[in-house]
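Since the structure comes first, as C-alpha cells, the remarks are kept for the end.
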Amino acid sequence: MVRRIPRGRVATYGQVAELAGLARQPRLVGYALHALPSTTTVPWQRVINARGMVSLRPGGDGWLRQRLLLEREGVLFDARGRVSLEKFRWHPSRRWPVKKVRK
DNA sequence: ATAGTGACTGGAA
DNA sequence: CTTCCAGCCACTA
C-alpha cells in the first residue's frame with residue numbers, strides 16, 4: 001500500500017491501514033514499517049501521523065532522515081516541523097473496485 | 001496466560 | 001489553535 005503513495009505526497013498511518021483493509025489498526029502499519037530492513041525500497045518516509053508530524057523520536061536520526069527524504073521530494077515542513085496534510089495528503093484514485101462496478 | 005509497550009487516533013479539555 | 005488521555009490491539013518478554 002505504501003508503495004502506491006506518489007513522490008512528494010504523504011499519507012497517515014490510519015489512512016494506510018484503512019486502504020489496506022486494516023481499519024482501526026494504524027499501529028499495525030507502524031509495526032510493519034518499523035520492521036522494514038534498512039535496504040528496503042518501500043517509501044516509508046511518506047507515512048506520517050494524523051497530526052502531520054514525523055512519528056519518530058524528535059531530533060533523532062530516523063526522524064531527521066525521514067524529514068530530509070521528504071523535503072528532498074518536495075514536501076514542506078513548517079517551523080514546528082509539521083506538514084500540511086491539506087496540501088500534501090495523497091488522495092488515491094479509486095482504481096481497484098471496492099466491490100462491484102455498476103454498468 | 002499476564003502484563004507492558006508502542007513509527008496511532010479521535011475527542012475532550 | 002494546542003495538549004492530554006483513554007481506547008486500541010498486535011507483538012514481545
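In the text below, chain A, chain B and the rest are named by the order of the sequence lines, each starting its count at 1. None of these values were measured; they are calculated from a predicted model.
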It should be established whether [X] places a side-chain nitrogen or oxygen under 4.0 Å from OP1 or OP2 of nucleotide [N].
X	N	result
Q25(A)	dC8(B)	no
R27(A)	dT5(B)	no
T12(A)	dC8(B)	no
R67(A)	dA7(B)	no

Protein-nucleotide distance ([X], atom [atom1]; [N], atom [atom2]), rounded to Å:
X	N	atom1	atom2	value
I48(A)	dA7(B)	CD1	C1'	12 Å
H34(A)	dA10(C)	NE2	C1'	14 Å
L22(A)	dC11(C)	CG	C1'	15 Å
Y13(A)	dG10(B)	OH	P	14 Å
L33(A)	dG6(B)	CG	P	17 Å
D78(A)	dC1(C)	CG	P	12 Å
M53(A)	dT9(B)	CE	C1'	15 Å
Q15(A)	dG10(B)	CD	P	11 Å

| Straight-line distance of W44(A) CH2 to L33(A) CG, nearest 0.5 Å |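 With rounding to 0.5 Å, CH2 (W44(A)) is 9.0 Å from CG (L33(A)).
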
| query | Does the dG10(B) base have a donor-acceptor partner in the side chain of R51(A) within less than 3.5 Å? | reply |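 Check passes, donor-acceptor contact within cut-off.
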
| message | Quiz question: going by heavy-atom distance under 3.5 Å, is there a donor-acceptor pair between the base of dC8(C) and the side chain of R24(A)? | response |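 No.
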
| Within the structure shown, what part of the strands sits under 4.0 Å from L28(A) by heavy-atom distance: base, sugar-phosphate, or nothing? |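 Contact class for L28(A): sugar-phosphate only.
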
| request: With heavy atoms under 4.0 Å as the rule, sort R46(A) into base, sugar-phosphate or nothing. | output: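 It contacts nothing in the nucleic acid.
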
| said: Does R9(A) form a salt bridge (Lys or Arg N to Asp or Glu O under 4.0 Å) with E73(A)? I'd like the steps, not just the answer. | reply: CA-CA 8 Å; R9(A) 315 239 69 185; E73(A) 48 186 76; over 6 Å; no

| Does D78(A) CG have over 12 foreign heavy atoms under 6.0 Å away? |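 Counting neighbours around CG of D78(A), more than 12 heavy atoms of other residues, nucleotides or ligands fall under 6.0 Å, so yes.
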
| Which nucleotide in dC8(B), dA7(B), dC1(C) has an atom nearest any side-chain atom of W44(A) |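 Of dC8(B), dA7(B), dC1(C), dA7(B) is nearest to the side chain of W44(A).
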
| query | So, for F88(A) and L76(A), which heavy atoms are closest and what is the spacing to 0.1 Å? | reply |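 Taking every non-hydrogen atom into account, CZ-N, 3.5 Å.
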
| field | Where S55(A) and N49(A) come nearest, the two heavy atoms and their spacing | value |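 Where S55(A) meets N49(A) most closely, the heavy atoms are OG-ND2, 2.8 Å.
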
| Contact nearer the 5' end of DNA chain B, comparing Y31(A) with N49(A) |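 Whichever sits nearer the 5' end wins; that is Y31(A).
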
